[in-house]
Structures are given as C-alpha cells and as structure tokens.
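Lettering follows sequence order; numbering is per chain, from 1. Values below: every heavy atom of this structure, side chains too, minus hydrogens, waters and symmetry copies.
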Amino acid sequence: MKLRFYLLDVTYEIVGREPHIIMWGIDEEGNRIVLRDRSFRPYFYAILDENTNASEVKHRIQRLSKPRSPIISVNEVAKNYFGEQVKALRITTVIPETVREYREEVKRIQGVRDVLEADIRFSMRYIIDHQLVPCGWHVVEVEQIPLSPQYKNRVSAEYLVKSPPQPLSVEEIKPPSLRILAFDIEVYSKQGSPRPDRDPVIIISVMNDKGEVKIFEAEGYNDRKVIQGFVDYILEYDPDIIVGYNSNRFDWPYLVERAKYLGIRLDVGRRKDSTPTTSVYGHVSIAGRLNVDLYDFAEEIHEIKVKSLENVADYLGVMKKSERILIEWYQIPEYWDDPKKRELLLKYAEDDVRSTYGLSEKFLPFAMQLSMITGLPLDQVGAASVGFRLEWYLMRSAYLYNELIPNRVERPYEPYTGAIVLEPKRGVHENIAVLDFSSMYPNIMIKYNVGPDTLVRDPSICEQYGCWKAPEVGHRFRKEPPGFFKKVLETLLKLRKEVRSKMKEYPVDSVEYRILDERQRALKVLANAAYGYMGWVGARWYCREGAEAVTAWGRQTIKKAIEIARSLGLKVIYGDTDSLFVTYDEAKIKEFIRRVEQELGFEIKVDKIYRRVFFTEAKKRYAGLLEDGRIDIVGFEAVRGDWTEIAKEVQERIVEIILGKGNTKEAIEYVRKVIKELREGKIPLEKLIIWKTLSKKIEEYGVDAPHVVAAKRMIEAGYQVSKGDKIGYVIVKGSGKLSSRAYPYFMVKPSDVDFNYYIDHQVIPAALRILGYFGITEKQLKATVSGQKSLFDFFAKK
DNA sequence: GCGAAAGAGATACCC
DNA sequence: ACGGGTATCTCTTTCGCG
C-alpha cells in the first residue's frame, strides 16, 4: 500500500544481525507511526591511484570480509572528485559500526589513494541517499506489520518499507497538526551551582500547543513526584516536539542525573525504556520526539547581549519583562522557603514556560525550513553551527551531482587578506545614502566560478578552457564547467527567488506566507555562509585560495565602484566591504547604480538614507538619523554588550540630542545630571553591571582580567562557571588593580559600588566619544550642576 | 627605581 | 567549531631617564 507521511526523525537499530532504518512520522490521519526499512546497507568508497588494477584491489577488499558484518559487495563506480572524473570502489557491508574498521583496513591496501564517505552516520546516509526531507511530507510503498512487543515503540502503527520514501515537499508545505510541549525546570540550590546528587528539582512547568499549562511542584525538598509527574505527563500528552530554553545544556542533563540519583526512570521517549542522551552537536536526543533547545536560535540574535529567557522573550515581543514575575536564579531558595513568596516563584515558573512556548512559535517555523533544506533532523539543526548546516546541504547536493564528499582533514590555519574598510570623513554629514552590493560574496563566487574544484594550479590549463584570474592574489579558476559551489549557490538563489515570487500568491498574514518567508530566509542564510565556509579550516570543501580570491575580487569591485561614484561627482563618506556612503543626489545615484551594474556586473541598491550621520575618526563606528526619525547606532559603546547599561543609555541619549537638535548644552546638562545621580547612589545596581564572556576555561587565562577575577570569586563561592558563560560583575570601592575590585554582581551591596569608576571609566568615556568631537571636555562634564567642583573631585584627583 | 609608553591579551563589534 | 578588519579596554612588560 501507498502511505503519505510526515517525517519527524530518522534513526536505526540493529535487529538480529540486520540494521533497520527507523523513521518516526505522522500519517495523514494524524497517527504517530514508525516506518522500518530493512533494505538499506552502509557503504563507503575507496578511490584508487592511477594505473592501479581495480579488480585486484577489489579482491583484496573482499578478502577482508568478516562473518560478523560481511562485505556484501565491492562495485566499481564512476564518480566526480574535485572536478575530476575518478573511478571508485563502493564497498558495502551490513553493520554500520563496522564501516570504520573496514575503512582503516582498506586504507592500508596498496593502490588505494583514499577512503571516502566512511564517516557519515548511517541515518544521515539514508536521508541523503533518498533525499528525504525532515519536517516534510513523503509518499512510501509499505506493508503494515503488527506492533510487535519486541520493538517497544509507543506509536499507533508500524510499517515495513517496500521501496524508499519519496519527498512531496514541493506540493505540500504545511505540516500536520503537531503536538508541541514546552518545559522548564527550577532547581533548589542554596550553595552555588546545583548538583544533582544534592539539590532537588522543585518545580517543572509545562505548556502545550493547546494552551494548557501545568506546574509540577515538589513536596518540600522531595522531588520524586515532580519528576514522575513530568514523565507521566509527557507519555500522556505524547508530544512530537519538546522545547526548552538551554535544555540541552541544563534541564535535560540535570533531569537525567537527578532521576538516576533518585532511581526514577526518565522514560520519556516513544521507545520504551529509552532515556534522553546527549548526542551530536551537543543536542539531547529523545527517541521518536524532536527535542529542540530554543537557546540555539536565540544565540543568533546579535541585538540581544545577555541572552536570558526573559530578555529574549521581551525582545521578540513574546512576553514583556514589565508584565512578568522576575526572580534571579540565586533568589530561588529564598522564594521557595518563604511560604508567602512561594506563590511568586510558581508564577515565575509559569511565566518562564509561557515565554519558552512563545519562543517556539517564533523560532520553530525557521528551524523547520532549515531542517527541510539541509536534511538535518529538527533536533540537530539548531544545535549544529552555521558551518555544519551548510555542509549538510553541500553533502546532500554532492550526492545529486555524483560528487564524492571530501573527508574532514586537520589543517593548519592560514590567514589571508579580507575586505576593505574606508577611512571615514569625520564629522556630521547631511543627506547620505548607503548603497549595498546585493549578496556580494555569493555573486562573486558564482561569477568567477570560485571553489576547490575549479581552482587551477597549472596555468597552462587556462589556454584551453579560459580562466578567471583574481586581482592581487593571482589565483585562477576555470571558467567552465560550472563548479560545485557555483551550482549550489545558483540553486540556492534560484530557489529563493521562486519562493519569494510564490509568497505573493498568499496574504501576508497567512500560514503559507509565513512558511515561505522563513524558507527564503533559510535559503539566504545558507547562501551567505558559503564564503565563510570555504575559508574555514574545518570545512570538508575548504579552499583558502578561493576565499582569498573572493575578498580580492570584493576589494576590486568596491574600489571600482568608488571610482564611478567620484566620476559622477558623488562624495564618498565611508564604506565597508560591500557598502558605500555617498551624498544623496537622486539623479546621480540612479546613474551610479546603472553604471555599476553595467560596468561591474553586480547589483547595488540603496539600503537606507540618513538625514544626518556622524562619524568620529574611527572605522566601523557611526550614528545616523534616518528619514523616519529613527536613530541608528553602529559600533559605538551604546551597542556593545560589555559596557554598562548606564553608559550606553547616556551615549544613546546624547546621540539623540546631537543628531536631533544639535544641542550640545542640553547633552552636557544631561551627563552632569547622571553623574550627580551616580554620586548619590541613585542609579540601580543593574545598570552598573558589566557583562563579559568567558571565552576559555578559567585556568587557561594568563592575565587577571576583571571578569576572570570575578569568575574566580564565583567558583570560590561554589558556583560553576564554564567556557562561554557571561560573567556579570561590578567594580567596588578600594585601591589597586581594577580586577581586584571586580565582584560578581549578586555578591555586591549597592553601597560598596565605586561610583567614581562608573563616572570616569564608563559614563564619561561613552559621552566623550560623541561629545569630544564637539570640543567638549571631561572637565565640563564633571563640573557639578551649580558649576563648581565638589570636594569629592578634589580628593579624587589627589 | 620610577612613571610613561608600548605591547600583549581579550572582547565584541561590523560586514 | 563559517571569514577577516577594527576599536578599545586592562594588564604586563619594556623603555628612557638619571
């Protein structure tokens, strides 16, 4: 029978001595099902040296066969490898785990140049080879089989696959009605970071797609029923997708450990007796369900500096901070122990899970599109970095083009020259247009056929086919035939164009429009990642010369554009990589755009127009007033996460005053007022916290930077800090190095704060960065409102 | 031996 | 665990003077 189904996840299991591909899915009636394919076998390739007798190697390989997992076949196949046609041997065996062993043995055989595609997980191999689309619909020829107790799957039906599924994702873009469950845990820990062998899970809050919210609560410090209640709830509701916030790194590992300690089985999957396990890219895998950590997607929003759940929910309009209960993590015990405050903690847990659910509505549609395009199951696609996401798309494409997938090899890092940044014309400029090249690097890669397979090492080849030669660096690329990256990028851009035109068929507020919009975004993200990927030493398709050539062509292109602009009498104020800031003269700009497209062959567009824009002498930093009255601040302290809120607030306000009214006096008065408030201790502590990321393990630091010292104090107090954590610290009164006065913010009393530091090293520098240009000095800012210096200043200087 | 200057290390930004 | 270019902070070492 034929069956249409929506694919959630692909795994495999060994039954007897046979690998079974397991597909978790949903049929058209909404039944949760399992599809079992017994016919797929793991394989890899060997490519041979020239003049090697293939049949002899073939025989040698066959002789390696072991009964435990025999080599079923060794077939000679024609493949492409870095633009060359090669003959390869495809070696097929039975048990996926034995591929690695065979690979090592085959590698040692004389005449074998390399062994390829032996490091691709069996379930991903299946997805690639059948071009399956996770989070997409398929049709498959199946035969129903009884729900055997041996398989222990919590589904409505099981099917045996007769012939592999075929994707239907083009016709059918809407998912079925999916059951989604958001959850969040609160842990009681009085001394430092929570430890599963000591600290109970006091609250687990859940919310599902029907809007149902449930709060599981511990009895005092006994958390057995909380965890058991949560497990039962999952099994009863049977969600397809489970979402959490930081759940891969905290909630799930904690629950697993805690349950182990309590002797509770965290049996939450669709496969009986399975527990969540940490797997590839650090994601937590739950059998038959898609466990998604929304933090992974929040990480990509650069506008949010401290990516706490409440900040992200606030930023995305999911739940405003002002409309929810806020409790700091270190206050949890206090709220739990006080009967009057406990209600608030429960409400806080509810707000957290509502926020988490809200975030899933923001992120899942994009994640699902990314999953469909790259072929990575939804639970992995978020956890995978941009480079790996693109790489899976490339691997998928390679299969279609009959290209062998290169191995991941360790290489030394080799730097190369990047883009141009122009020296800005300092000062305030009126009416400035910002022009951007559209997708500059992807288009360079396409135009000049850049990639590892088109790179020409022997220039004599160019006489025959013709080559593009990169300026400055001289790398050459074959003009024909189109290389791997060119084909992939053209496909991505073509698909995006198609999606964007299809969007027009739907109302802006329709489900279809949203899906297509997320799809075109995902396609763009992947296309834009190609250049960076090519220059990444960890990439399978690494090509330093290619990346170096792309930036060289980029530099040439923008230089030529500047020439054209100047020849038209447009003044160039600034530019960075693919953008130019020029005087806004409509007619000339129109002509400029036309000439750039004609002479350079790249599209350039007006991105925005500043009524007024301000530059200091520094590159990558400016502030502009847009036509609609909004203010853009780029690069300055106001947009940096490692400056205090108060300094950023002051700088932002100054920019508003200066660009809006041009009134320096008002700006000075404002700064003085803030300084006065700081002296009087009227600025709340939250606005004085400096947040800095710990970019390596604490013991690896050679110098005692303030955030490192603050982190060490946290460790001393029993908190765990790890690489990647953001440390929030405050500078307290005292003498000596700044770092010796840096304390974690939650250990500081407001009266200990060194307001002089905040005046001299935060507010004044941030204010002067802008006001300094207008001739205003530190002295002017520090004078008190009444105009005289205080005794404090006198002593502070001494 | 001392203070200033230069260098090193670190972080977060821009595109 | 996608690229290089850039500004700017704090800590540490070196420099220049005498």
NA contact type, F388(A), heavy-atom cut-off 4.0 Å: base, sugar-phosphate, or nothing? base
Regarding R544(A), tell me which of base, sugar-phosphate or nothing describes its non-hydrogen contacts under 4.0 Å with the strands shown. nothing
Under 4.0 Å between any heavy atoms, over every strand shown, what does V708(A) touch: base, sugar-phosphate, or nothing? Just pick one. nothing
By the 4.0 Å heavy-atom rule, please label D436(A) as base, sugar-phosphate, or nothing. nothing
Carefully, step by step, assess F746(A) and Y719(A) under the rule ring pair (Phe, Tyr, Trp, His ring centres under 6.0 Å). CA-CA 12 Å; F746(A) 53 91; Y719(A) 297 96; 5.2 Å; yes
Using only side-chain N and O atoms of T577(A), determine if any of them is under 4.0 Å from OP1 or OP2 of dG5(C). no
Per atom distances to the K620(A) side chain, the nearest of dC2(C), dG5(C), dC11(C) is dG5(C)
Map P415(A) and K723(A) onto DNA chain C by nearest heavy atom, then report which one ends up closer to the 5' terminus. K723(A)
What does W541(A) touch in the nucleic acid at a heavy-atom separation under 4.0 angstrom: a base, only the sugar-phosphate, or nothing? nothing
Has K696(A) got a side-chain N or O lying under 4.0 Å from the OP1 or OP2 atom of dA10(B)? yes
Using a distance-only test with no angle check, is there a side-chain donor-acceptor pair under 3.5 angstrom linking Y610(A) and D632(A)? yes
How is G641(A) classified with respect to the nucleic acid when contacts are heavy atoms under 4.0 Å: base, sugar-phosphate, or nothing? sugar-phosphate
Determine: side-chain N/O of R640(A) to OP1/OP2 of dT8(C), distance under 4.0 Å, yes or no. no
Could you check whether Y622(A) gets within reach of a base, just the sugar-phosphate, or nothing at all, counting any heavy atom under 4.0 Å? sugar-phosphate
With heavy atoms under 4.0 Å as the rule, sort A529(A) into base, sugar-phosphate or nothing. base
Does a side chain donor of either Q651(A) or E637(A) reach within less than 3.5 Å of an acceptor in the other side chain? yes
